A.B. asks: 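Here it is: the structure, laid out below.
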Amino acid sequence: MEMEKLVSLCKRRGFLYQSSEIYGGLNGFWDYGPLGVELKRNIKEAWWRDMVTSHDELVVPSGAPCAYEMVGLDCTIIMHPQVWKCSGHYDVFHDFMVDCRQSKRRYRHDQVQGRWVSCQGRRIFVATEADGEEALQDTQHKALKFFNLRAKDADRLAWESDLLCLTEVKDFSAVLGPDAKELGTLTEPREYNLMFKTYVGALSGEEGAAFLRPETAQGIFVNFKNVLDSTRVAVPFGIAQIGKSFRNEITPRYFTFRSREFEQMEIEFFCHPSQSRAWYEYWRNRRYQWYLSLGLAGERLRLRDHTPEELSHYSCGTADIEYAFPFLPPGKFGELEGIAHRGDFDLRSHMEGKLVRQDGGYVVELGPDGKPRHPGSGKDLTYFDDQTRERYIPHVIEPSAGADRAALAFLCEAYQEDQVPDEHGNPRDRVFLRLHPRLAPIKAAVFPLVRKDGMPEAAQRIYRSLKPHFNVFYDEKGAVGRRYARQDEVGTPYCITVDGQTALDGTVTFRDRDTLRQWRVRADDCLGELRRLVGVS
RNA sequence: GCGGGUGUAGCUCAAUGGUAGAGCAAUAGCCUUCCAAGCUAAAGACGAGGGUUCGAUUCCCUUCACCCGCUCCA
């Protein structure tokens, strides 16, 4: 499938538009049109219903260590700036970068170091990305090459300093970049703010600086104690949230896949440390099954465990649910959802302060003054189990899904081309979306076969009987084949047609989008039939 | 942020330094008894800004967006 065709269909039929299009658009932002908003709502509602409201806390779900509870939360997009300092986002998302004009590579300003050296009457700073002994060797090697010397002439290089961070160097004109052959190819350090900054209060001073959240998860962690104190949940339990998040992606690309404003569906599941591995396995499989059940059933969907090198600083186990989007190179997959075992990292961070890894564990990162670099709340976020009389910090399993990425994957998977016979029996090309009925924006369309003999009136009665329960669509214009084709193109799974026989025996035809099969149903049983086909509503 | 490519109607494509055409789609009506048929009518575009020119959609510059490759991706 060519992505252009799907993008074109999305725009033509009102699924997705470029944001601010009449002003030329805005990179990394997309709007959902009348049909797109229904699709995305259906995805979010299926998630919320399946994960939260229809969850039965009285039974042990298949594959789960025991029964558990689920509750929801909806917190603000702007939170106290300290939230992001303790979570680690502030440090990781706030970098100065330098670019090399010659090698086209980009480096973190604070991760490049080097040494001053003089030779042949010139003084240059030789930079490297390496560390320690390796950095000394690398800089020597590059200096020899730069001055056109052999290894045996190394003593002609007069090194002036030990390794210095590039941040100590003010003038880049004498800097030899890590991958450059000439001096002065590095740009001035530029600030990359991966979090959107804003100002709370009418006066936009730095004291009011805040950030739009880059993930919804932290709002759950900072409300952990509130939920414990105000509901009767007990560990193990999960808190779910759906909401917008914002990241200043350096390269927004691939349609809505990498957007700067996007919507997440996240669960933070709190459990006893001794059971956390089993819960991780449960959620990993449960979430994978969820996508399968909604139609991402092909080999384009996969569940992939992260390799140890890939694991984030906080994680002791992560699996990605990935989809082979058509815009990616063959064999490449894009992330739909990550299920991470986060241990007690987050709750501890919000108690004690920002943590860093040390000797296989975590310690509070200290600033130059010996105090926590980013102090935590100081609040007690431990959990007391009054059955076992045990107090502990729960471990967290985080299934974090992208609603927009899910919508895009469902659209890609649904896009189909085939041929159907026209009125003369000749094959005619057809484009249709094979969306799961739960996700389809329109559940059924109701047509009179022709606009006479009382058929429109009969069809309208059926339409009105269905409308309170399902998003249905009425159309009486033009040839019926054209109306079918239009519904196929937006993924409507069923069409209901009133024809000449309706007046005789009170039946109408149901037509299936994927098979074109038709069968007769009593007009007064259309709601029942649709409920059987789509699910209760 | 770098390099390459592309911007004309909803879509696909024309033409032109001097009034921008078509097919399909969409809209209204007629006709139509099951898969985009037919007839009629009306509607609809040079991504944005600047420059050169008597005149720019066309030539030049800038910018914005999209696509491809780098780079980045907690």
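Quick caveat: nothing in here was measured; it's all calculated off a predicted structure. Order of the sequence lines sets the chain letters (A, B, ...), proteins ahead of strands, with each chain counted from 1.
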A.B. asks: Please determine if A:R258 forms a cation-pi arrangement with A:Y254, meaning its NZ or CZ atom is less than 6.0 Å from the six-membered ring centre and no more than 45° off the ring axis.
C.D. replies: no
A.B. asks: Taking the six-membered ring for Trp and the single ring otherwise, decide whether the centroids of A:F327 and A:F255 are under 6.0 Å apart.
C.D. replies: no
A.B. asks: Scan A:N27 against the nucleic acid and name what it touches under 4.0 Å (heavy atoms): base, sugar-phosphate only, or nothing.
C.D. replies: sugar-phosphate
A.B. asks: Partner of B:U27 by Watson-Crick or G-U wobble geometry, both contacts under 3.5 Å, or none?
C.D. replies: B:A41
A.B. asks: Once hydrogens and angles are ignored, does a donor-acceptor distance under 3.5 Å link the base of B:C64 to the side chain of A:Y23?
C.D. replies: no
A.B. asks: Once you apply a heavy-atom cut-off of 4.0 Å, does A:F29 come out as touching a base, just sugar-phosphate, or nothing?
C.D. replies: nothing
A.B. asks: Using a heavy-atom cut-off of under 4.0 Å over every strand shown, decide if A:D453 touches base, sugar-phosphate, or nothing.
C.D. replies: base
A.B. asks: Taking the same atom, C1', in B:G10 and in B:C72, what whole-Å distance lies between them?
C.D. replies: 36 Å
A.B. asks: Does A:R511 qualify as a cation-pi partner of A:Y484, given the criterion of NZ or CZ under 6.0 Å from the six-membered ring centre and within 45 degrees of its axis?
C.D. replies: yes
A.B. asks: Pick the closest RNA chain B nucleotide for A:K11 and for A:G478 by heavy atoms, then say which residue is nearer the 5' end.
C.D. replies: A:K11
A.B. asks: Rounded to the Å, how far apart are A:E4 CD and B:C67 P?
C.D. replies: 10 Å
A.B. asks: Given atom CG of A:D475 and atom P of B:C35, what is their separation to the nearest angstrom?
C.D. replies: 16 Å
A.B. asks: Taking salt bridge (Lys or Arg N to Asp or Glu O under 4.0 Å) as the criterion, tell me which of A:R430, A:R12, A:R434, A:R482 meets it with A:E489.
C.D. replies: A:R12
A.B. asks: Regarding B:G10, can its base be found pairing with the side chain of A:R13 as donor and acceptor, where the two atoms are less than 3.5 Å apart?
C.D. replies: no
A.B. asks: To the side chain of A:R258, which of B:C73, B:C67, B:U33 is closest?
C.D. replies: B:C73
A.B. asks: Checking only heavy atoms, does the side chain of A:S8 share a donor-acceptor pair with the base of B:C11 at less than 3.5 Å?
C.D. replies: no
A.B. asks: Does A:R430 reach a base, just sugar-phosphate, or nothing at all? Heavy atoms under 4.0 Å.
C.D. replies: nothing
A.B. asks: Side chain of A:R486: nearest nucleotide among B:C35, B:C34, B:U27?
C.D. replies: B:U27
A.B. asks: Looking only at atom types and distance, does a side-chain atom of A:H374 sit under 3.5 Å from a main-chain N or O of A:G376, one as donor and one as acceptor?
C.D. replies: no
A.B. asks: Within the modelled atom types, does a donor on one side and an acceptor on the other bring the side chain of A:R511 and the base of B:C34 under 3.5 Å apart?
C.D. replies: no
A.B. asks: Which nucleotide, B:U33, B:C68, B:C11, lies nearest any side-chain atom of A:R253?
C.D. replies: B:C68
A.B. asks: Now, which nucleotide makes the Watson-Crick or G-U wobble pair with B:G21, with each of the two distances under 3.5 Å?
C.D. replies: B:C13
A.B. asks: Work out how far the P atom of B:G55 is from that of B:A26, and round it to whole angstrom.
C.D. replies: 43 Å
A.B. asks: If you measure from the P atom in B:A25 to the same atom in B:C59, how many Å do you get, rounded?
C.D. replies: 33 Å
A.B. asks: Does B:A28 have OP1 or OP2 sitting under 4.0 Å from an N or O in the side chain of A:K477?
C.D. replies: yes
A.B. asks: Spell out, as yes or no, whether a donor-acceptor pair under 3.5 Å connects the side chain of A:Q82 to the backbone of A:P375.
C.D. replies: yes
A.B. asks: Would you mind pulling out the nucleotide paired to B:C34, Watson-Crick or G-U wobble, both distances under 3.5 Å?
C.D. replies: none
A.B. asks: Please give the nucleotide sitting opposite B:G55 as a Watson-Crick or G-U wobble pair, both distances under 3.5 Å, or none.
C.D. replies: none
A.B. asks: Look at the side-chain N and O atoms of A:R513 and state whether any lies under 4.0 Å from the OP1 or OP2 oxygen of B:C35.
C.D. replies: no
A.B. asks: Quick one: does A:R483 reach the base of B:C35 with a side-chain donor-acceptor pair under 3.5 Å?
C.D. replies: no
A.B. asks: Can you tell me which nucleotide in B:C30, B:C34, B:C66 comes closest to the side chain of A:L449?
C.D. replies: B:C34
A.B. asks: Roughly how far apart, to the nearest Å, are B:U71 and B:G4 at atom C1'?
C.D. replies: 15 Å
A.B. asks: Identify the two heavy atoms, one from A:N223 and one from A:C75, that lie closest to each other, and give their separation to 0.1 Å.
C.D. replies: ND2-CB, 4.1 Å
A.B. asks: Anything under 30° is parallel, anything over 60° is perpendicular, the rest tilted; go ahead and classify A:Y494 against A:F510.
C.D. replies: tilted
A.B. asks: Quote, to the nearest angstrom, the C1' distance that separates B:A22 from B:C34.
C.D. replies: 32 Å
A.B. asks: I'd like to check the salt bridge (Lys or Arg N to Asp or Glu O under 4.0 Å) partners of A:R520; sequence neighbours left out, ordered by chain and number.
C.D. replies: A:D499
A.B. asks: Any strand is fair game: report the nucleotide pairing with B:U8 by Watson-Crick or G-U wobble, both distances under 3.5 Å, or none.
C.D. replies: none
A.B. asks: Select base, sugar-phosphate, or nothing to describe what A:Q18 touches, counting heavy atoms under 4.0 Å on all strands.
C.D. replies: sugar-phosphate
A.B. asks: Per the side chain to side chain donor-acceptor pair (under 3.5 Å) rule, which among A:R405, A:Q264, A:R287 passes with A:E337?
C.D. replies: A:R287
A.B. asks: On RNA chain B, compare the nucleotides closest to A:F327 and A:V508; which residue's is nearer the 5' end?
C.D. replies: A:V508
A.B. asks: Measure from the side chain of A:Q518, starting at C-beta and using heavy atoms only, and say which of B:C35, B:U71, B:G69 lies closest.
C.D. replies: B:C35
A.B. asks: If we take the C1' atom in both B:U57 and B:G17, what is their distance in whole Å?
C.D. replies: 10 Å
A.B. asks: Which pairs, protein N/O on one side and nucleotides 37-39 of chain B N/O on the other, fall under 3.5 Å?
C.D. replies:
{"residue": "B:A37", "atom": "OP1", "partner": "A:R482", "partner atom": "NH1", "Å": "2.9"}
{"residue": "B:A37", "atom": "OP2", "partner": "A:R482", "partner atom": "NH1", "Å": "2.5"}
{"residue": "B:A37", "atom": "O4'", "partner": "A:E423", "partner atom": "OE2", "Å": "3.1"}

A.B. asks: Strictly by Watson-Crick or wobble contacts shorter than 3.5 Å, is anything paired with B:C70, and which nucleotide is it?
C.D. replies: B:G1
A.B. asks: Can you tell me how far P in B:A56 sits from the matching atom in B:C46, rounded to whole Å?
C.D. replies: 15 Å
A.B. asks: On a whole-Å scale, what distance lies between the C1' atoms belonging to B:U16 and B:G49?
C.D. replies: 23 Å
